Participant: 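Please see the structure below; I have some questions.
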Amino acid sequence: MPELPEVETIKRELDKTIVDKKIVDVIVYNPKVIKEPKKEKFIKELKNVKIEKIIRKGKLLILGLSSGKFLTVHLRMTGQLIYPGDAKKSRVSFKLSNGKFIDFNDSRLLGELRLIDDWQNLKFIKELGPEPFEINVKQFQEMLKNRKTKIKVLLLDQKFISGVGNLYAVEALFSSRIDPRRPANSLSNKETELLFKEIKRILLLAIKHGGSSVDDYVKVSGKKGDYMRFIKVYGRKGEKCYKCKGKIERISLGGRGTYFCPNCQK
DNA sequence: AATGGGACCTGCGCGC
DNA sequence: TGCGCGCAGGTCCCAT
């Protein structure tokens, strides 16, 4: 699932491949993924427009265009951006001035494309919490102080902190040895400090390795990320904990699958 | 504020 | 083998 490291990986690849290229045509195979404006206007306003820069905010990609508008891309679960694409099984394909395509694939159709005047006015952006790299440990501790929500659920809340998804939340809690069910305000200063450090360490390590290809995520090149070999608990229900040889359990928290080692995480 | 549920979606893996 | 079902998770939305 694309989280901050996966989206950042894509951002960096787009910087190298499609920035400064012009969109000459837009082919819409499934208009469902276009949230605004309507398909016809979407196509018309993207033609003959240059892609000037790529911005990432949390898990959202924002393409700055020469028209002054912005194309936002949220991959949700199964979205992919592929370059060069084949414009065959995509949902929307953008033909560039060099004749190549950048494809937006999305098997589950949960992804979102928007062509808008000002991305900073998006509700999603206005409500977005800070990224872990934008705050210090004191601020993180302050944010947790009065929250009774389970720590795992809070880490997934993009309004609280942005960029962390299910996989990295679970991994950070494991390496911090914190039980995901603990109320956020029950964590000691020492624990919150460790957790904060581990979140940042794991996100950075995952960026370094091009993200985790556990579901549909692939890089813009179509190649898989390489973080899977660092995964300690995610998806390992019933398997042996690498640390204590105990059994990894899977429970549901906030409707999300949550993997942890009951022996190591207290 | 916390919590739990459904909705959106489709492909996959499971049990029978 | 084939089929139906539940589940996967990011986000929004609603009810309590």
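Every chain is numbered from 1 and lettered A, B, ... according to where its sequence line falls, protein lines coming before strand lines. Source: prediction; values computed, not measured.
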Participant: Look at A/Arg108 and C/dG9 and indicate whether a side-chain polar atom (N or O) is within less than 4.0 Å of OP1 or OP2.
Facilitator: no

Participant: With A/Arg236 as the cation and A/Tyr242 as the aromatic partner, state whether NZ or CZ is under 6.0 Å from the six-membered ring centre and within 45° of the axis.
Facilitator: yes

Participant: Step by step, would you call A/Tyr234 with A/Tyr227 a ring-ring contact (aromatic ring centres under 6.0 Å, His included)?
Facilitator: CA-CA 12 Å; A/Tyr234 186 84; A/Tyr227 188 77; over 10 Å; no

Participant: Under 4.0 Å, counting only non-hydrogen atoms across every strand here, what does A/Gly255 touch: a base, just sugar-phosphate, or nothing?
Facilitator: nothing

Participant: Begin with the C-alpha distance, continue with both residues' side-chain angles, and end with the deciding distance and a verdict on salt bridge (charged side-chain N to carboxylate O under 4.0 Å, His left out) for A/Lys232 and A/Glu171.
Facilitator: CA-CA 7 Å; A/Lys232 303 284 198 298; A/Glu171 291 297 310; 5.7 Å; no

Participant: Can a side chain N or O of A/His74 be found less than 4.0 Å away from OP1 or OP2 on C/dG10?
Facilitator: no

Participant: Taking only N and O in the side chain of A/Lys148, is any of them less than 4.0 Å away from OP1 or OP2 of B/dT3?
Facilitator: no

Participant: To the nearest angstrom, how far is A/Arg76 atom CZ from B/dT10 atom C1'?
Facilitator: 15 Å

Participant: According to a strict under-4.0 Å criterion, is A/Tyr217 in side-chain N/O contact with OP1 or OP2 of C/dG9?
Facilitator: no

Participant: Please say which of A/Ile34, A/Leu109, A/Asn105 ends up in a side-chain contact (heavy atoms from CB on, under 4.5 Å) with A/Arg91.
Facilitator: A/Leu109

Participant: Reckon A/Phe160 touches a base, only the sugar-phosphate, or nothing at all at heavy-atom distances under 4.0 Å?
Facilitator: nothing

Participant: More 5' along DNA chain B: A/Arg256 or A/Asn146, using each one's nearest nucleotide?
Facilitator: A/Asn146

Participant: Under 4.0 Å between a side-chain N/O of A/Gln158 and OP1 or OP2 of C/dT11, yes or no?
Facilitator: yes

Participant: Could you tell me the separation between the OH atom of A/Tyr29 and the P atom of B/dT10, rounded to a whole number of Å?
Facilitator: 18 Å

Participant: CG of A/Leu253 versus P of B/dG4: gap in Å, rounded?
Facilitator: 9 Å

Participant: Below the 4.0 Å mark, does C/dG9 have OP1 or OP2 next to a side-chain nitrogen or oxygen of A/Lys59?
Facilitator: no

Participant: Base, sugar-phosphate, or nothing for A/Glu112, non-hydrogen atoms under 4.0 angstrom?
Facilitator: nothing

Participant: In this structure, how many angstroms lie between the P atom of C/dG10 and the CG atom of A/Leu4, rounded?
Facilitator: 13 Å

